Structure formats: C-alpha cells, structure tokens
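Just so it is clear, the structure is predicted and the values come from calculations on it, not from any experiment. For reference, positions follow the sequence shown, starting with 1.
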Amino acid sequence: MKQSRTRMYLAYGLMGALMGFVIARIGFGDYDELHNMFILEDLRMLYAFAGAVALSLLGFIILARRIPRQEKFFQPGTIPGSMLFGFGWAVCGACPSMVFVQLGAGKIPALMTMVGILLGIYLYKKAHARYFRWDTGACVSD
C-alpha cells in the first residue's frame, strides 16, 4: 500500500515537473506574456487557454454521462470571488499553479505572489468563518 502511494506521488511529481518545464519553455510562465494577453496585444496565450477550456469541457461532458448528477448551488461569493481572482491574476501575472512554474524558472518576484496567495487563503478563511459562513461545498470541515 505504502509503496503504491509513493509510486503514485512520484508519477504525479514527474508529470507536474514535465508540465512546468513545457509551460516555462513556451513562455506561458512569463509575466510579459500574461500581460500581453490581458491587454489583448498578443492573443496566442488566450487561444491556448480557450483550447484548454474546450478540451476540458469535452472531458467533463464525457465524464458527466458516467458519474451520477449532484445538486449544484450558487453561493453569494462566486461572482466577487471570481473577479478578485481574475484581478489578482492580471496584477501578479500568475494563477496559483503558474507561481510554481515561475519559481522553478528562477523568477524571484514569484515569491511575493506566493506570499500573496498564502495570505489571501488565510484571510479568506478568517473572514469566511467570521462574516459569511455559507456552505462552501468542501468535503472537509475545520
């Protein structure tokens, strides 16, 4: 059991490192590339993201036929949270997974992005527990 779990973690780590290498080599971990996408100067990355979304959508449609339907809900923080996430991504030039690619490529400013992500998670957890308390749909509670 332990050996299979270790093998699984090694496989995930290898796939993640390979994905990070490819993303860094094609320039998707570069702040300027992301900035150009957000100001609509270079649409190459936007097309890549649109293609990834379309491919993921196809995968979810296929999976949806095999997995029982679950009740979906819309919580009040979805729209403002999505906007805040997008603004943060545009300002720092990285989504949460891209920070690891930037760190792996040796981009020191990504450390501040990582600090911002961790601080945001911490503050959200505190604010949610104190002010909002709506169901997040998470499987695990604190």
Side-chain angles (χ1 to χ4, degrees), residues 1-67 70-142:
M1 173 80 174
K2 185 176 181 179
Q3 195 175 42
S4 65
R5 182 173 285 193
T6 302
R7 193 176 302 170
M8 179 183 69
Y9 289 149
L10 286 173
Y12 288 160
L14 182 62
M15 287 187 296
L18 181 63
M19 185 186 93
F21 176 77
V22 169
I23 287 173
R25 293 291 296 154
I26 62 177
F28 280 14
D30 187 69
Y31 173 79
D32 292 329
E33 287 284 335
L34 286 166
H35 177 72
N36 288 339
M37 177 186 75
F38 281 113
I39 63 170
L40 303 177
E41 186 174 299
D42 183 4
L43 300 180
R44 181 177 63 99
M45 188 179 291
L46 184 64
Y47 293 145
F49 280 124
V53 167
L55 189 60
S56 297
L57 179 64
L58 181 63
F60 279 116
I61 289 171
I62 292 168
L63 284 175
R65 294 180 182 181
R66 297 181 178 176
I67 298 173
Q70 297 177 0
E71 183 179 325
K72 304 290 183 195
F73 61 92
F74 186 83
Q75 62 186 15
T78 300
I79 299 297
S82 300
M83 292 174 65
L84 187 60
F85 180 80
F87 292 147
W89 188 11
V91 168
C92 70
C95 66
S97 62
M98 197 61 66
V99 172
F100 294 107
V101 173
Q102 291 173 342
L103 287 171
K107 297 181 189 278
I108 302 302
L111 286 173
M112 291 307 296
T113 304
M114 180 63 82
V115 168
I117 290 170
L118 295 174
L119 183 63
I121 291 168
Y122 174 78
L123 291 175
Y124 168 77
K125 197 171 186 179
K126 294 293 183 183
H128 185 273
R130 183 168 183 173
Y131 299 112
F132 305 119
R133 298 186 187 161
W134 54 65
D135 180 14
T136 61
C139 298
V140 181
S141 62
D142 295 302

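Interatomic distance, OH of Tyr124 versus CG of Leu119, reported as 15.0 Å (0.5 Å rounding). Expressed to the nearest 0.5 Å, how far CZ of Arg65 lies from CG of Leu63 amounts to 11.0 Å. Here the CE-CD1 distance, from Met112 to Ile117, works out to 11.5 Å after rounding to the nearest 0.5 Å.
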Residues 36-50 side chain polar contacts: donor-acceptor under 3.5 Å, at least two apart:
from, atom 1, to, atom 2, distance (Å)
Asn36, ND2, Asp32, O, 3.3
Asp42, OD1, Arg44, N, 3.2
Arg44, NH2, Glu33, OE1, 2.7
Arg44, NH2, Glu33, OE2, 3.2

Give the table of side-chain donor-acceptor pairs shorter than 3.5 Å for residues 95-106, with sequence neighbours excluded, one pair per line with atom names and distance.
from, atom 1, to, atom 2, distance (Å)
Gln102, NE2, Gly29, O, 3.0
Gln102, NE2, Gly93, O, 3.0

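The environment of CE in Met8 is crowded: more than 12 heavy-atom neighbours from other residues, nucleotides or ligands sit within 6.0 Å.
If you run side chain to side chain contact (heavy atoms under 4.5 Å, CB included) between Ser82 and each of Thr78, Ile79, Leu84, only Thr78 comes through.
Contacts classified as side-chain hydrogen bond (donor to acceptor under 3.5 Å, both in side chains) and involving residues 107-117 (residues at least two apart or in different chains) are given here: Asp30-Lys107.
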